[in-house]
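Below is one structure, written out as structure tokens; comments come after it.
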Amino acid sequence: MTGPAPALAWATLAAPADRFDFVEIHMGCEVRLHLWADDESVARRAARAAFDRVKAWDDALSDWKPDSPAMHLPQVAGEHADVTGSLATALAASRRFAEATDGAFDPSLGALTSLWRAARRSGHAPSTDSLAAARARCGPASWAFDASLGRFTALRDGVRMDFGGIGQGLAADDALSALRQSGCPSAMVDVSGDIAVGAPPPGAAGWRIDIEPEFEGQPVERLELHDCGVSTSGDRAQRASVDRRVVSHILDPASGQPLEHPRQATVVARDAVTADALATALCVLPSDRCGDLCARLGVTARLDRAPQDGGVQALAGWSALRRVSSCPAAAPKAPEAPRPSPAPEASGPPCSR
């Protein structure tokens, strides 16, 4: 006997009815969720699951929370600890990207990060002796992680990990996974510029993402992307004056000094953690090495440099990305997200990359 198809079968084939937007403060910054769902109750449950994932990463990796597992890693040479969960995942990914970038991405800069944070607050650079002492605690030879055993080993006294260049990407990917598992595959997660995008919105080819320029006169681009990660690293909102020098919050692992020549890197990769780590590395590497790195790791990127330093540089297929529009920087810009206040439970500033 035949008859009309059940209504439930039709509903599973239909596009989600509505878009829902949510924002909460986690990791010291605004986390924005944009998703399509059949009804508000589904959207709210999915968003709660996603925000809880982000909070869990913050609890595990924060160097502003003294009780976080990351802050309890051994700091005495020869000592080791067995690590599980999110921290183990972050350590394994950090080692992988540190090796892939020849140290341009360095998660062991915690001693230097702490030193330069104090310098930014005081307006005075650290002394030569304190800088040398901090540098001695950093670098790929300062720590080891055996992923098969889940074992972290301190190889230098005073080593301290800093996951600021990878934590937001990890959180964005995990939050997107939570949305998918909750029945909302058409979604975007934005953790202060580290973005994970899922399936396209109904009737669209992808999620629209504006890439703002670093310098006046450079192009604003609006990309249309899906099922990937996007991250922009730069110091446009993070510069400070230290001994009358304008310096970046991004540190060069090779020198232990903050960058003084502004640069912005945007990376589109298979996931947000890859984009996050490599965007940081591209800000540090000499520009003539960036294209080879992107091609080798299968990502595409855009570098924004001062006009006298070469201007905008498209790397490894950037020009082939799908665009909604491309306009000169003199045209009206898409509004930037407001700069948030620190989360109530956090003692540090908004996240930076």
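Computation of the quantities below employed the complete heavy-atom set of this structure, encompassing side-chain atoms and omitting hydrogens, waters and symmetry-equivalent molecules.
Minimum interatomic distance between P140 and D106 (heavy atoms only, all atoms of both residues): CD-OD2, 4.4 Å. Between A134 and L115 the shortest heavy-atom distance is CB-CD2, 3.9 Å. Across all their heavy atoms, T101 and F97 have their closest contact at OG1-O, 2.8 Å. Nearest heavy atoms, W143 versus P107: CZ2-CG, 3.6 Å. Between A93 and I166, the shortest heavy-atom distance links the atoms CB-CD1, 3.8 Å. Closest approach of A295 and A316 over heavy atoms only: N-CB, 4.0 Å.
The side-chain heavy atoms of D252 and Q257, taken from C-beta on, include no pair separated by under 4.5 Å. Counting heavy atoms from C-beta on, the side chains of P202 and S186 come closer than 4.5 Å. Counting only heavy atoms from C-beta outward, the side chains of W207 and L225 never approach each other to under 4.5 Å. Side-chain contact between M71 and P66 is absent, with no heavy-atom pair separated by less than 4.5 Å. Side-chain contact between I195 and M188 is present, with at least one heavy-atom pair separated by less than 4.5 Å. Side-chain contact between C228 and V197 is present, with at least one heavy-atom pair separated by less than 4.5 Å. In this structure the side chain of S287 reaches within 4.5 angstrom of the side chain of R263, judged on heavy atoms. Within the 4.5 Å cutoff, no side-chain heavy atoms of W116 are placed close to those of I250.
Under the 4.5 Å side-chain contact rule for hydrophobic residues, L176 and F20 share a cluster. Cluster membership check: L285 does not share its hydrophobic cluster with V312, using side-chain heavy-atom separations under 4.5 Å among Ile, Leu, Val, Met, Phe, Trp and Tyr. Under a hydrophobic clustering in which Ile, Leu, Val, Met, Phe, Trp and Tyr are joined whenever their side-chain heavy atoms come within less than 4.5 Å, directly or via other members, F145 and L170 fall into the same cluster. Both V191 and F22 are assigned to one and the same hydrophobic cluster, defined by single-linkage of ILVMFWY side chains at heavy-atom distances under 4.5 Å.
Between atom OG of residue S108 and atom CZ of residue R156 there is a gap of 8.0 Å, rounded to the nearest 0.5 Å. Taken to the nearest 0.5 Å, the OG atom of S142 stands 11.0 Å off from the CG atom of D157. One distance of note links CZ of R208 with CZ of R323; it measures 14.0 Å at 0.5 Å rounding. Here R160 contributes atom CZ and L112 contributes atom CG; the two are 11.0 Å apart, rounded to the nearest 0.5 Å. Atoms CG and CG, from L251 and L259 in turn, are 7.5 Å apart once rounded to the nearest 0.5 Å. Atom CD in E30 sits 8.5 Å away from atom OG in S192 (nearest 0.5 Å).
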**Q.** Stepwise side chain to side chain contact (heavy atoms under 4.5 Å, CB included) check, V268 with L321
**A.** CA-CA 9 Å; V268 177; L321 292 174; 4.0 Å; yes

Q: Begin from the C-alpha positions of R322 and L223 and carry the test side chain to side chain contact (heavy atoms under 4.5 Å, CB included) through to its verdict.
A: CA-CA 6 Å; R322 180 181 177 88; L223 305 180; over 6 Å; no

Q) Does the pair W318 and L303 meet the rule for a side chain to side chain contact (heavy atoms under 4.5 Å, CB included), with working shown? A) CA-CA 10 Å; W318 178 267; L303 289 183; over 6 Å; no

Q.
Pair V42, C184 - check side chain to side chain contact (heavy atoms under 4.5 Å, CB included), show working.
A. CA-CA 8 Å; V42 172; C184 299; 4.0 Å; yes

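Legend: residues meeting side chain to side chain donor-acceptor pair (under 3.5 Å) with Q75, ordered by chain and number and at least two apart, are absent. Partners of H72 by side chain to side chain donor-acceptor pair (under 3.5 Å), not counting sequence neighbours: none found. For D63, the side chain to side chain donor-acceptor pair (under 3.5 Å) partners are R117, not counting sequence neighbours. In terms of the salt bridge (Lys or Arg N to Asp or Glu O under 4.0 Å) criterion, residue partners of R44 (sequence neighbours excluded) are, by chain and number, E40. Listed by chain and residue number, nothing satisfies the salt bridge (Lys or Arg N to Asp or Glu O under 4.0 Å) test with D162 (two or more places apart in sequence, or in another chain). Partners of F51 by ring pair (Phe, Tyr, Trp, His ring centres under 6.0 Å), not counting sequence neighbours, listed by chain and number: H26. With sequence neighbours excluded, the residues forming a salt bridge (Lys or Arg N to Asp or Glu O under 4.0 Å) with E24 are R48, listed by chain and number. For R45, there are no salt bridge (Lys or Arg N to Asp or Glu O under 4.0 Å) partners two or more places apart in sequence or in a different chain.
Applying the side-chain hydrogen bond (donor to acceptor under 3.5 Å, both in side chains) test to residues at least two apart or on different chains, the pairs with a partner in residues 128-141 are S127-S130. Within the structure, the salt bridge (Lys or Arg N to Asp or Glu O under 4.0 Å) test picks out the following pairs touching residues 277-306 (sequence neighbours left out): D102-R289, E221-R302, R302-D304. Screening residues 165-185 for salt bridge (Lys or Arg N to Asp or Glu O under 4.0 Å) gives R53-D174, R180-D227 as the qualifying pairs, with residues at least two apart or on separate chains. For residues 74-96, the set of pairs meeting the salt bridge (Lys or Arg N to Asp or Glu O under 4.0 Å) definition, not counting sequence neighbours, comprises D82-R151.
The closest donor-acceptor contact from the side chain of Q313 to the backbone of G291 lies at 3.5 Å or more, if one exists at all. The main-chain N or O of S231 is never found under 3.5 Å from a side-chain atom of D194 such that the two would form a donor-acceptor pair. Panel note: side chain S114, backbone A111; no donor-acceptor pair is recorded below 3.5 Å. Under a 3.5 Å cut-off, the side chain of T300 and the backbone N or O of L315 do form a donor-acceptor pair. Side chain of S68 to main chain of L61: no donor-acceptor pair is present (N/O by atom type, distance under 3.5 Å, no hydrogens or angles).
Using a cut-off of 4.0 Å between Lys/Arg side-chain N and Asp/Glu carboxylate O, D59 and K65 are scored as salt-bridged.
By the 6.0 Å contact criterion, CZ on R270 is open, its count of non-hydrogen atoms from other residues, nucleotides or ligands being 12 or less.
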